[in-house]
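In what follows, a structure is listed as structure tokens, so that the remarks can point back to it.
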Protein chains: 2
Amino acid sequence: MNIVQEESRRDRKKLQRRTLLIEIARRSIATKGLRSLKVRDVAEAAGCSIGSVYNEFGDFDGLILTVNRETVQALTTRLKAVPTDDPLRQLHGLADAYLGFASEHANLLRSLFEHRMEDDRPFPEDILAMVMEAFALMHAPLVRLLPDRDPSDVALLSRMMFSAVHGIISLGLEERMVAVPPEQLRERLAQFVDTHLAGLGITRSA
Amino acid sequence: MNIVQEESRRDRKKLQRRTLLIEIARRSIATKGLRSLKVRDVAEAAGCSIGSVYNEFGDFDGLILTVNRETVQALTTRLKAVPTDDPLRQLHGLADAYLGFASEHANLLRSLFEHRMEDDRPFPEDILAMVMEAFALMHAPLVRLLPDRDPSDVALLSRMMFSAVHGIISLGLEERMVAVPPEQLRERLAQFVDTHLAGLGITRSA
DNA sequence: CTCGAAAATGAACATTGTTCAAGAAGAATC
DNA sequence: GATTCTTCTTGAACAATGTTCATTTTCGAG
């Protein structure tokens, strides 16, 4: 039989179940947090055996990492959807989009940043690269706003700015230790971005 | 017998072992990360039974939280040791002290911020209060630098600034996803603080 | 229809947090 | 010092959960 094309019914079913497993795991993490995710629960909810989860993802970390991978992708998609016409508005848009995503998917984002691998296995390169890519999205607008600065300097500036935004948001959305009241977070975050840009010599009217 | 004073030998031994258990747990978290901490390892290292750990801390979370509690205390002590004579220098000192502590005790700080309680048990109030207190330490110097601003506004500003610093540091020290190269972190962090202060209308020479 | 490869299964195992009945140790009383 | 009472300690047993793998089932190829 032709090996190249023609996905067999078997393959279709396999992919279908893989998708189902991921969806169930994601929903569980999103609603009850990463710590409550159990292999048996996922298997039962998907109507298959424990072994099948292992066949599909190798181990439990494999399932978690797959969900995390899709979380970064969703985040990146959302960040890239921010309009790029006005660089200043874009920076605010990125911060606000990040806040929006973090509000709607707090547990998924926590899973991405807080999950530690078993033993000392290395963190997957591809996820790392995707996160770095997301955090570099402030680079382009900042370059437009700071055309005279050393580009490598601006690269660092942008990642620092995004890290700062990340810190404000992740602590702000933590129910415990509310550094900034959630209801004010959106407004305050915008204020923070403005302040920092002002410090870089960029004014709103410019 | 007098109940008030006079700590019996029993009490002394109990306290001594409690201290030992905490020390062992802390060392384990610091070197191998929270995820590698096991009740049996701690008990064996302390030369006592598993049950004794439970007698002392109630459950495993109890031990972790005790270590975390002492971590905040150590952090706060270090932050409060920053000279307060010059508010501007104090702000830089606080950021730098936080970076220093985070560098030396990365895993302990991660344990503090990333540990999730079993089920949905509430996060201990006292630890929460201590973290909030630490994060409010930028308030005093900022008030001195911004005497004309609404004090409640400055309170928020200070927590946001600390949250931002926290974000930059915690992502910067993560071996994976290096948003900012660790060897530049110190210098860049100072630059960040300066930039943000400039945005608030505060200049170095002022 | 038969055969063989691939997948699915779930019982069994390993690890680890937790409990608790029984015993040991220490304090109080005489 | 003996007795009794309280408290602490112990570790075997249990429960929850990630992991393995021999067996069975499925499904496409010839």
Side-chain angles (χ1 to χ4, degrees), chain A residues 1-22 24-25 28-29 32-67 111 115-121, chain B residues 1-21 24-25 28-29 32-68 111 115-121:
Chain A
M1 183 199 239
N2 195 332
I3 295 183
V4 179
Q5 57 148 343
E6 186 110 38
E7 58 179 18
S8 60
R9 174 151 47 121
R10 186 176 259 175
D11 291 343
R12 231 178 309 124
K13 276 227 163 189
K14 189 177 168 68
L15 178 61
Q16 190 174 323
R17 193 172 60 183
R18 179 186 173 87
T19 311
L20 177 62
L21 285 170
I22 296 173
I24 288 169
S28 173
I29 294 176
K32 299 179 301 179
L34 178 57
R35 186 160 178 179
S36 303
L37 188 68
K38 314 289 171 185
V39 194
R40 282 169 178 75
D41 294 348
V42 175
E44 190 182 7
C48 70
S49 70
I50 304 166
S52 293
V53 179
Y54 278 79
N55 283 344
E56 197 58 48
F57 300 100
D59 61 6
F60 198 44
D61 270 1
L63 174 55
I64 296 170
L65 290 174
T66 303
V67 172
S111 169
H115 175 59
R116 306 283 149 191
M117 307 288 302
E118 191 75 42
D119 302 311
D120 287 332
R121 277 191 293 177
Chain B
M1 181 197 248
N2 194 335
I3 295 181
V4 179
Q5 55 148 349
E6 185 112 38
E7 58 179 17
S8 59
R9 175 149 49 120
R10 185 176 258 174
D11 291 343
R12 232 177 310 125
K13 276 226 162 189
K14 191 179 168 66
L15 178 61
Q16 190 175 324
R17 192 172 62 185
R18 179 185 174 87
T19 310
L20 177 62
L21 284 170
I24 288 169
S28 174
I29 295 176
K32 298 180 301 180
L34 178 57
R35 188 163 176 178
S36 303
L37 189 68
K38 315 288 172 186
V39 194
R40 282 169 177 75
D41 293 348
V42 174
E44 191 182 6
C48 70
S49 70
I50 305 167
S52 293
V53 179
Y54 278 80
N55 282 344
E56 196 58 49
F57 300 100
D59 60 6
F60 198 45
D61 271 2
L63 174 56
I64 297 170
L65 290 174
T66 303
V67 172
N68 286 352
S111 169
H115 175 60
R116 306 283 149 192
M117 305 290 300
E118 193 73 43
D119 302 313
D120 288 331
R121 276 190 294 177

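In what follows, chains carry the letters A, B, and so on, assigned in the order in which the sequence lines appear, proteins first and then strands, with residues in each chain numbered from 1. Everything numeric here is computed off the predicted structure, so don't read it as measured data.
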Over how many whole Å does the gap from [X] atom [atom1] to [N] atom [atom2] extend?
| X | N | atom1 | atom2 | value |
| --- | --- | --- | --- | --- |
| B:Lys13 | C:dA24 | NZ | C1' | 13 Å |
| A:Leu34 | D:dT17 | CG | P | 14 Å |
| A:Arg40 | C:dT15 | CZ | P | 15 Å |
| A:Phe57 | C:dA7 | CZ | P | 14 Å |
| B:Lys38 | C:dT18 | NZ | P | 12 Å |
| B:Leu21 | D:dT10 | CG | P | 10 Å |
| B:Glu44 | D:dG11 | CD | P | 12 Å |
| B:Arg35 | C:dT15 | CZ | P | 15 Å |

(message) Need one value for A:Leu63: base, sugar-phosphate or nothing, where a base atom within 4.0 Å counts as base even if backbone is also close, heavy atoms only.
(response) nothing
(request) Report which part of the nucleic acid B:Tyr54 touches: base, sugar-phosphate, or nothing (heavy-atom distance under 4.0 Å, all strands). (result)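 B:Tyr54: base contact, heavy atoms under 4.0 Å.
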(message) Are the side chains of A:Thr66 and A:Glu56 in contact, using a 4.5 Å heavy-atom criterion?
(response) no
(request) Report yes if some heavy atom in the side chain of B:Ile50 is under 4.5 Å from a heavy atom in the side chain of B:Val53; otherwise report no. (result)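 B:Ile50 vs B:Val53: side chains apart.
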Protein N or O to nucleotides 8-11 of chain C N or O, pairs below 3.5 Å:
from  : atom 1 : to      : atom 2 : distance (Å)
C:dA8 : OP1    : A:Arg17 : NH2    : 2.6
C:dA8 : OP2    : A:Arg17 : NH2    : 3.2
C:dA8 : O5'    : A:Arg17 : NH2    : 3.4
C:dT9 : OP2    : A:Ser49 : N      : 3.1
C:dT9 : OP2    : A:Ser49 : OG     : 3.2
C:dT9 : OP2    : A:Ser52 : OG     : 2.7

(request) Provide the closest heavy-atom pair for A:Val39 versus A:Tyr54 in the form atom of the first, atom of the second, distance. (result) CG1-CE1, 3.8 Å
(request) Find the distance between CD (A:Glu118) and CD1 (A:Ile64) and round it off to the nearest 0.5 Å. (result) 9.5 Å
(message) Looking at B:Glu44, I'd like to know if its CD atom is crowded, meaning that more than 12 non-hydrogen atoms belonging to other residues, nucleotides or ligands lie closer than 6.0 Å.
(response)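 Check fails, neighbour count at 12 or below.
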(request) Ignoring hydrogens and angles, tell me if any N or O in the side chain of B:Arg116 forms a donor-acceptor pair with the backbone of A:Arg35 under 3.5 Å. (result)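 Side chain of B:Arg116 to backbone of A:Arg35, a donor-acceptor pair under 3.5 Å: no, none is there.
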